[in-house]
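Protein chains get the first letters and strands the later ones, always in sequence-line order, with residue 1 at the start of each.
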Number of protein chains: 2
Amino acid sequence: MTEQTSATDLSIPPYGEDTVSERMQSILDTGTALFAEKGYDATSMRDIASAAGVSKALLYHHFTSKEDIYARIAFSATQNLNQYVWDRIPADGTAAEKLRAFMVAAAQFFTHHRSAWVAASNAFWSDPDRHRMEQRLARRRAFEMMLRDIVRAGVESGEFGDVDPAMTGRLVLSGINWMHRWHDPEKTLTPEEIVNQYADILLGGLMAKAG
Amino acid sequence: MTEQTSATDLSIPPYGEDTVSERMQSILDTGTALFAEKGYDATSMRDIASAAGVSKALLYHHFTSKEDIYARIAFSATQNLNQYVWDRIPADGTAAEKLRAFMVAAAQFFTHHRSAWVAASNAFWSDPDRHRMEQRLARRRAFEMMLRDIVRAGVESGEFGDVDPAMTGRLVLSGINWMHRWHDPEKTLTPEEIVNQYADILLGGLMAKAG
DNA sequence: GAAAGCCTTGACCGACTGGTCAGTCACAGG
DNA sequence: CCTGTGACTGACCAGTCGGTCAAGGCTTTC
């Protein structure tokens, strides 16, 4: 029953192979909320400490630096995205079905990790840790490639018109990535409903050219 | 010959009704570049001063605060956008032509004001000046309304399928707004070429539903 | 030449930043 | 009862932040 909570669920697993104590997790959760709300620079270690109800010194007992805290959040936010989305793309579907499934899955993941995602994307470029940075870039590239492959297959099979897979992928991801700038989680429309409407528009466009 | 450089050209006019001296303009240009490159928080007044080759105190002789400098940049960046785009939408064109013209014009404006635009959108939400903030929000709303009206007209005339104008507008603007996150000005593709490809995809989608 | 007025500056301020450190506390094993 | 260990803290550090200020040029005007 619990044997399959591994790669495809929505929980945030520990950073690397460490286990995180309750205290650490509560600090991380507090930091996630603050980073998402105010941004990396505008969030001080004192802010995190007082919001978490602990002393600032304790942060440095559990983490090595502010960057460390942020990096764990950003790392977790994107860690399972690729696998999660990949698992939700029907292997035997049409290109249109796959594209829509990709968008919906990405939106679902986004919904569940909203704060961490916003925090991560707000400060995406300021990670001084080369290795971690490259890991994240590699994951992002793989994510984009998954999308382009779907579009390319559709173009080659004639299901889509003769569009550039890279450019189409960028347009799709623009819609998904920009969503957090205007979407209000309190409002009626869920991210899934939004990307489904996006998919309606986009898929119509792609198929119009195929005749 | 020079009588028509007023509302529709791409130059950045003075803030409000003031005239800006050469020195002020050079400070603003320096600030624009730094804000765009590093963001608002990460750019200090000392950075701007030394990059502009003047003392920090001089900044406070010409401007009242860091916010003042940033606000002038952000204000200028969006000041002429609406008029510029409006003037480039063909009054007697089809909805598809108008939508494409809208996107191309926005991309052109973006190209010419890239740094200021990036600086402004990176810190869009942190303006403490209510009046200025509301002015910018009003302009943005007007900008979105212009776009929605185009889509709505296309839907009502049957040229487009039965899409939601608001949601379609968001998708279009997502592509335009997200562009600066990945677009490299050094590379071959210009923003105009990119939005033209976006328009190809989107317009196909909209028209497919009309039959 | 002196007064007037802007441009320009270095020195300085209090507030705040990320980070450190000696030391307190509770609790474990001997 | 002693000793260690990990969680936890207040006080403190050097450095940077946005912003201020009195005073020194540099022109222009009388």
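Neither side chain, A:Glu192 nor A:Asn196, offers a donor N or O lying under 3.5 Å from an acceptor on the other. For the residue pair B:Gln83/B:Asp87, the side-chain donor-acceptor check at 3.5 Å is satisfied.
Comparing D:dG10, D:dG18, D:dC21 against the side chain of A:Ala57 picks out D:dG10 as the nearest. Closest contact between the side chain of A:Tyr60 and the listed nucleotides C:dC13, C:dG18, C:dC21 involves C:dG18. Among the nucleotides D:dG18, C:dT17, D:dT9, the one closest to any side-chain atom of B:Lys66 is D:dG18. When distances run from any side-chain atom of B:Arg46 to the nucleotides C:dT17, D:dC8, D:dC17, the shortest one goes to D:dC17. Looking at the side chain of A:Ser44, the nearest of the listed nucleotides C:dT9, C:dG18, D:dC17 is C:dG18. Comparing D:dC8, C:dT9, D:dG18 by their closest approach to the side chain of B:Leu58 singles out C:dT9.
For the pair B:Lys56 NZ and D:dT16 C1', the interatomic distance rounds to 10 Å; values are reported in whole Å. Rounded to a whole Å, the CE atom of A:Met45 is 10 Å from the P atom of C:dT20. When rounded to the nearest whole Å, the span between CG of B:Asp68 and P of D:dG18 equals 14 Å.
Close to D:dG6, at under 4.0 Å from its OP1 or OP2, lies no side-chain N or O of A:Arg23. OP1 or OP2 of C:dC7 sits under 4.0 Å from a side-chain N or O of B:His61. The side chain of B:His62 places no N or O atom within less than 4.0 Å of a non-bridging phosphate oxygen (OP1 or OP2) of C:dC6.
Not a single donor-acceptor pair under 3.5 Å links the side chain of B:Asp200 to the backbone N or O of A:Val163.
Residue-level contact check: A:Ser21 touches neither bases nor backbone, having no heavy atom under 4.0 Å from any strand.
Between A:Phe102 and A:Phe143, the gap from one ring centroid to the other is short of 6.0 Å.
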